[in-house]
Amino acid sequence: MWKMNQYLPLFLIASCLFFISHSQTISNTSSQHRCLPDQSSTLLQLRKEFVEKRTNPDDYSGVSYPKMKSWKADTDCCSSWDGVTCDAHNGHVIGLDLSKSWLCGPLNSNSSLFRLRHLQKLDLALNDFSSSTTIPSEFGQLVRLTHLNLSWSILYGRIPSEISWLSNLVSLDLSCNADLNLRRNDLEALVQNMTYLRELHLDNVNISSSLPQSLANLSSLTSLSLPYCNLLGEFPSDIFLLPKIQAIDVSGNYNLTGFLPNFRSGSSLKKLRLSSMNFSGELLDAIGNLKSLNFLDLSQSYFSRELSNSIGNLESLSHLDLSWANFFGELPNSIGNLKSLSHLDLSGANFSGELPNSIGNLKSLSHLESATLNP
Ligand SMILES: *[C@@H]1O[C@H](CO)[C@@H](O)[C@H](O)[C@H]1NC(C)=O
Ligand SMILES: *[C@@H]1O[C@H](CO)[C@@H](O)[C@H](O)[C@H]1NC(C)=O
Ligand SMILES: *[C@@H]1O[C@H](CO)[C@@H](O)[C@H](O)[C@H]1NC(C)=O
Ligand SMILES: *[C@@H]1O[C@H](CO)[C@@H](O)[C@H](O)[C@H]1NC(C)=O
Ligand SMILES: *[C@@H]1O[C@H](CO)[C@@H](O)[C@H](O)[C@H]1NC(C)=O
Ligand SMILES: *[C@@H]1O[C@H](CO)[C@@H](O)[C@H](O)[C@H]1NC(C)=O
Ligand SMILES: *[C@@H]1O[C@H](CO)[C@@H](O)[C@H](O)[C@H]1NC(C)=O
Ligand SMILES: *[C@@H]1O[C@H](CO)[C@@H](O)[C@H](O)[C@H]1NC(C)=O
Ligand SMILES: *[C@@H]1O[C@H](CO)[C@@H](O)[C@H](O)[C@H]1NC(C)=O
């Protein structure tokens with residue numbers, strides 16, 4: 001039985017499933033150095049802290065299996081233990097990928113995990129730590145971490161401020177847990193300290209505050225995913241203009257206000273998900289500068305003007321969702337220029353007139369919803 005179903009409404013899960021398809025593996029079993037005895041005994045103790053219980057259906061998460069089964073005391077942890085990566089020079093365990101590994105049990109503050117001080121990549125996603133009381137503050141001691149993934153693991157409570165000590169992180173994913181919350185102060189400290197951050201994914205984490213302006217100072221950021229975080233106040237629109245940004249998802253934050261900026265040409269944005277939030281103003285002509293954009297979701301948004309004709313310049317766009325959006329006037333004819341478009345949703349959108357004939361040019365279109373255009 002997949003326990004998370006009990007805690008999260010289905011639409012939240014759907015928003016999270018979106019990201020599941022791209023999972024990353026960090027294990028590398030070919031290594032010259034043999035396992036250090038203290039490292040293997042620490043790992044074996046870690047194994048004892050959990051029972052093996054299948055918690056996630058494979059159709060959501062890809063194939064899952066108990067990786068720790070291959071951990072045997074008489075074998076070399078660096079070369080034959082699934083999910084373990086060692087430093088080839090000194091044998092320290094530097095990577096642990098126990099995602100989808102049927103781990104069930106609490107993550108306690110006295111866990112052997114926190115003795116693996118050389119860890120750089122740690123992936124514990126898609127397990128069941130629901131018997132934990134909170135995320136232990138001891139995570140803050142794993143200061144060498146560059147990658148931390150605790151998504152989908154049924155964790156609760158306040159994210160400890162010590163997380164912000166992990167100043168080497170380039171990727172942090174705490175998405176889609178049961179009921180995590182992050183205080184404004186801790187978010188600010190995190191953003192201030194994690195200056196190398198490329199991916200920040202906090203889907204469904206209850207933040208209940210505005211975003212710090214300093215987020216727009218994370219110049220390495222490529223992916224910011226903050227859907228359904230109860231964000232308030234105004235979204236710092238400079239984030240849209242970060243030099244390396246490729247994906248932004250702030251959907252489902254009904255009280256988040258903001259404006260789209262004057263996008264520059266050369267933007268690397270590929271995915272924008274701005275549905276079910278309180279952005280307003282115009283969708284400026286500059287949107288046509290987003291030549292790399294392939295996914296645009298503006299459903300249930302409040303852009304109060306006509307849809308800019310320059311939408312037809314988005315030559316890479318394959319997914320366009322304008323359902324229940326507040327645009328008025330006609331759907332621009334230029335929509336027929338979107339040669340890559342395969343998914344177009346106009347249901348409930350406030351466009352007037354008929355669908356432009358140019359829609360017939362969209363040879364890649366495989367999904368069209370347009371039920372309720374105004375007469
Ligand atoms: C974290 O793990 C989940 C599940 O495997 C995966 O879908 C997600 O892409 C990972 N997050 C990052 C930032 O790589
Ligand atoms: C594993 O590590 C070796 C040596 O460090 C490297 O040559 C190889 O490309 C790595 N393999 C993978 C799959 O990362
Ligand atoms: C670790 O902490 C848990 C909960 O606080 C406790 O039940 C357990 O006995 C402790 N384990 C060790 C090895 O101290
Ligand atoms: C930043 O991280 C360092 C350790 O890496 C820590 O000592 C410091 O308190 C952190 N700063 C904040 C604002 O959390
Ligand atoms: C989110 O956090 C706020 C402030 O801590 C709290 O008032 C609210 O009830 C929380 N919302 C949910 C859905 O847990
Ligand atoms: C962002 O960086 C600039 C220049 O590095 C600095 O002056 C500014 O105070 C920073 N802003 C925030 C909110 O941290
Ligand atoms: C949305 O923003 C407008 C101002 O731009 C404000 O008047 C309105 O109350 C906001 N709605 C919500 C649900 O926050
Ligand atoms: C956010 O907006 C919803 C309505 O869209 C409202 O019910 C809720 O109270 C608002 N939350 C906060 C914290 O303002
Ligand atoms: C829908 O569009 C019409 C004009 O096409 C406009 O008068 C009306 O205000 C729009 N409705 C909303 C809710 O934006």
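Each ligand, and each atom within it, is numbered from 1 in the order the structure gives.
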Table please: side-chain donor-acceptor pairs of residues 296-303 below 3.5 Å, with sequence neighbours left out.
{"unit_1": "D297", "atom_1": "OD1", "unit_2": "S299", "atom_2": "N", "d": "2.9"}
{"unit_1": "D297", "atom_1": "OD1", "unit_2": "S299", "atom_2": "OG", "d": "2.7"}
{"unit_1": "S301", "atom_1": "OG", "unit_2": "L298", "atom_2": "O", "d": "2.5"}

Item to check | Evaluation steps, ring pair (Phe, Tyr, Trp, His ring centres under 6.0 Å), between F235 and F240 | outcome: CA-CA 10 Å; F235 185 76; F240 289 112; 5.2 Å; yes
Next on the checklist: Pairs of nitrogen or oxygen atoms closer than 3.5 Å, one from D173 and one from ligand 1: do any exist?
Outcome noted: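 Checking ligand 1 against D173, an N or O pair does fall under 3.5 Å apart.
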Checklist entry - Which parts of the protein, at residue level, reach under 4.0 Å of ligand 3 through a heavy atom? => result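 Only N108, N110 have heavy atoms that fall under 4.0 Å of ligand 3, ordered by chain and number.
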Checklist entry - Under 4.0 Å from any heavy atom of N206, which atoms of ligand 5 are there? => result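 Result: 1 (C), 2 (O), 3 (C), 8 (C), 10 (C), 11 (N), 12 (C), 14 (O).
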Checklist entry - Could a heavy atom of S151 be found less than 4.0 Å from some atom of ligand 1? => result yes
Check whether more than 12 heavy atoms from other residues, nucleotides or ligands sit under 6.0 Å from atom [atom1] of [X], and answer yes or no.
X    : atom1 : result
N357 : CG    : no
K270 : NZ    : no
R183 : CZ    : no

Need the ligand 1 atom indices (1-based, order shown) with element for anything under 4.0 Å from a heavy-atom of [X].
X    : answer
N149 : 1 (C), 2 (O), 3 (C), 8 (C), 10 (C), 11 (N), 12 (C)
S171 : 13 (C)
A125 : 2 (O), 4 (C)

Checklist entry - salt bridge (charged side-chain N to carboxylate O under 4.0 Å, His left out): which pairs involve residues 140-165, sequence neighbours left out? => result R158-D186
Next on the checklist: The criterion is disulfide bond (SG atoms under 2.5 Å apart); which residues satisfy it with C77, sequence neighbours excluded?
Outcome noted: C35
Checklist entry - Would R117 and Q141 satisfy side chain to side chain contact (heavy atoms under 4.5 Å, CB included), going step by step from the backbone distance to the final call? => result CA-CA 7 Å; R117 290 301 171 89; Q141 291 167 13; 2.7 Å; yes
Checklist entry - Under 4.0 Å from ligand 1, counting heavy atoms only, is it the side chain of L126, its backbone, both or neither? => result side chain
Checklist entry - Is there a side-chain contact between L169 and L148 (heavy atoms, below 4.5 Å)? => result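 When only atoms from C-beta onward are counted, L148 and L169 do touch, with a gap below 4.5 Å.
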